[in-house]
Amino acid sequence: MRVEITCTNRVGILHEIMQIFGEYRINVTSGELGGDSGDKVYLLAPGMLATQYQTIEKSLYRVPGVQRVRRISLLPLERRYFELDTLLQHVTDPVLSVDHAGRVIAANVAAARAFGVSLDRVPGLQLQRFLPLMQVAELLRDFAVPRYGLPVVVRGQNFRVDWSPIALDKPGDVDPLAGAVLRMQPWEKSEFIAGLPRPVALWDFDLRRESCLQLQDLAELGSPLLIYGEAGSGKTTFACAVHYLSPTAARADCHRIVPQDGKLEIPKHLRASGTLILEDLHLLRSEAQLAVLRHLRSLPSSIRLVATCTAPQSLVPALAQRFSALCMTLPPLRNMRPVLPRFAETLLRQELPERERPDIGAEVLDLIRRQDWPENFNGLRDYLMAAAGSCERRRASAIALEDVPDLTAQKSLSLRDWGRGLSYREMMEQLERSLLSELLVGRASTRELAKELGISHTAVANKLRKYGLSAQKK
């Protein structure tokens, strides 16, 4: 039986109400507080009989502040649940919700039909089983993620997935999520979407977090956007994320064009809406950049323009002006030294399946943190892949120092930025290692190096042993 009690909102009234149910040994299994003015108490007592209710009703009216007691058919949350469930089952597109671990909590009939299982078997299934390319784990961690129009294939059928986060705190934040609701819309695969990289999560660690938050704001706008940064800093990933973070992704395609032979060929026939990504404009000569600008002026305003380059100064003034409204820069890896180990572990998790993925030793993580990575994520990925290959050949479970290629520290920015995240001692050791590594080139023995530096051979040998250097290992 379900009971609604209208009462004044005063301290202790709920305790007095529940005390009456206890005196009559009535078990209340759940309840709610609500009402338009916060003046209602809803209680569910499954075992209460009609005669017991009549007796309890009289006792409740003796409680100061109780104004009305009546039986109801459903609690407000129950009513809302049944209404939403009925609406969900009549939606023709597959809709499902998942928890923070990627397990399906609820789904409609269309989702069960798309996955090829009965509706009662859907709850509890791992979403990764059906959508292996979506990186479900990353979608539900503390990363900024694609939201609209993610292309996926389920049992041979093409879908676009809209992903709505269930945040633990305020909506739109990129903190850890409680789960997500996904809507899958059937679509015909376009020739342009095939050229896009796989939609991935944007790792919002350290300085990159501000870039992710900025991108989420800029993705919803319509003005041309210029993304610039060093090679390998993630410009292509962010440019494609502009499309997937925009609601237009649910109904439009994304065209990505890369320079070839110093030219950028924009297709003559584009759809009236969508996202047009122009990669690496700095690789074009001035004449080619002006030709691109003339073509862009003829495109409809409903096409969102996104361009990437190493620096705005690499563009001709007219083209730079075209992309001057919205600009964002991506930080290089060396400016995020405190979280470099976390980047390395996340990158390895993305590149290798779990059964083939080794751990990274603490000494290797410390070595990674000390490097500058001029090629940024490209260089770090190749470095880790080489180390993982060596680790696999040794049949070891963790990457050790003997697996990693040799690295030479190079100071490529101001000392203040270069040393961010390093102690004074670590900065001096980096410089000393770099200096010794260069001085070793062309020298067959360490005695020759010791004589030139004016220190003992023992001191030189100890330093080389400390940094893993030798006359034979450059």
Side-chain angles (χ1 to χ4, degrees), residues 135 138 142-146 174 196-219 224-245 254 256-259 275 277-284 305-315 320 323 326-351 368-386 407 409-414 416-422:
Q135 295 179 296
E138 277 70 18
D142 55 340
F143 305 147
V145 299
V174 290
L196 277 175
R198 183 179 63 186
V200 297
L202 306 176
W203 307 329
D204 60 325
F205 313 147
D206 200 64
L207 300 178
R208 198 174 166 100
R209 180 182 179 88
E210 183 60 33
S211 300
C212 291
L213 294 175
Q214 183 183 9
L215 186 73
Q216 288 181 327
D217 295 334
L218 298 181
L225 171 64
L226 179 64
I227 303 174
Y228 60 94
E230 296 182 3
S233 58
K235 299 188 295 295
T236 297
T237 301
F238 269 66
C240 292
V242 172
H243 176 72
Y244 291 122
L245 288 170
C254 184
R256 175 173 169 261
I257 307 173
V258 181
T275 307
I277 300 175
L278 307 175
E279 291 272 11
D280 298 330
L281 291 182
H282 59 278
L283 299 179
L284 303 179
L305 300 178
V306 181
T308 68
C309 67
T310 54
Q313 296 78 10
S314 62
L315 306 181
F323 288 94
L326 300 176
C327 295
M328 66 175 296
T329 180
L330 300 182
L333 272 181
R334 58 180 174 275
N335 284 7
M336 299 180 284
R337 204 181 299 276
V339 294
L340 270 176
R342 189 177 179 188
F343 274 122
E345 291 173 337
T346 308
L347 187 59
L348 200 61
R349 185 170 59 245
Q350 175 181 284
E351 295 296 324
I368 289 173
R369 182 178 61 87
R370 296 175 182 227
Q371 304 309 311
D372 286 354
W373 305 108
E375 295 298 321
N376 294 290
F377 286 103
N378 292 342
L380 179 58
R381 182 184 60 249
D382 293 344
Y383 181 79
L384 291 174
M385 291 301 99
L407 289 172
Q410 298 290 338
K411 186 184 77 66
S412 52
L413 69 164
S414 67
R416 179 178 179 179
D417 293 334
W418 172 79
R420 183 172 178 266
L422 297 177

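What you see is a predicted model, and the numbers here were worked out from it, not measured in a lab.
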Problem set entry | Shortest non-hydrogen contact from Ser211 toward Thr329 | OG-O, 3.7 Å
Seminar exercise, completed: In short, salt bridge (charged side-chain N to carboxylate O under 4.0 Å, His left out) pairs touching residues 225-241 with sequence neighbours left out are Glu230-Arg334
Exercise. At what distance, to the nearest 0.5 angstrom, does CG of Leu326 lie from CD1 of Ile227?
Worked result: 10.5 Å
For this session: Go through His282 and Ser314 one step at a time and tell me if the side-chain hydrogen bond (donor to acceptor under 3.5 Å, both in side chains) criterion holds.
Result: CA-CA 5 Å; His282 59 278; Ser314 62; 5.0 Å; no
Exercise. Could you state the interatomic distance from CE (Met385) to CG (Asp382), rounded to the nearest 0.5 Å?
Worked result: 8.5 Å
For this session: Applying side chain to side chain contact (heavy atoms under 4.5 Å, CB included), run through Thr308 and Asp280 and close with a yes or a no.
Result: CA-CA 5 Å; Thr308 68; Asp280 298 330; 3.9 Å; yes
For this session: Mind checking the CZ-CG spacing from Arg370 to Leu340? Nearest 0.5 Å is all I need.
Result: 12.5 Å
Seminar exercise, completed: In short, Leu207 meets Asn335 closest at the heavy-atom pair CD1-O, 3.3 Å
Problem set entry | Nearest non-hydrogen partners of Asn378 and Gly232, listed with the distance | ND2-CA, 3.4 Å
Exercise. How about Glu345 and Leu348: do any of their side-chain heavy atoms sit closer than 4.5 Å?
Worked result: no
For this session: Would you mind reporting whether Leu384 and Glu351 have side-chain heavy atoms less than 4.5 Å apart?
Result: no
Exercise. Side chains of Thr237 and Phe377: closer than 4.5 Å at any heavy-atom pair?
Worked result: no
Exercise. Between Phe205 and Phe343, how do the two ring planes meet: parallel, tilted or perpendicular, split at 30° and 60°?
Worked result: tilted
For this session: With the side chain counted from C-beta on, respond yes when Leu330 and Asn376 share a heavy-atom pair under 4.5 Å apart, and no when they do not.
Result: no
For this session: Give the minimum heavy-atom separation between Leu215 and Ala241, together with the two atoms involved.
Result: CD2-CB, 3.8 Å
Exercise. Counting N and O atoms only, with roles assigned by atom type, does the side chain of Trp373 sit under 3.5 Å from a partner on the main chain of Pro332, one being a donor and the other an acceptor?
Worked result: no
Seminar exercise, completed: Leu226 and Cys309 have their tightest heavy-atom pair at CD1-SG, 3.8 Å
Exercise. Within the side chain of Arg369, is there an N or O that forms a donor-acceptor pair under 3.5 Å with the backbone of Pro338?
Worked result: no
Exercise. Side chains of Thr236 and Arg256: closer than 4.5 Å at any heavy-atom pair?
Worked result: yes
For this session: Taking all non-hydrogen atoms of both residues into account, name the closest pair between Leu245 and Ala219 and its distance.
Result: CB-CB, 3.7 Å
Exercise. Could you walk me through whether Phe238 and Arg208 pass the side chain to side chain contact (heavy atoms under 4.5 Å, CB included) check?
Worked result: CA-CA 11 Å; Phe238 269 66; Arg208 198 174 166 100; 3.1 Å; yes
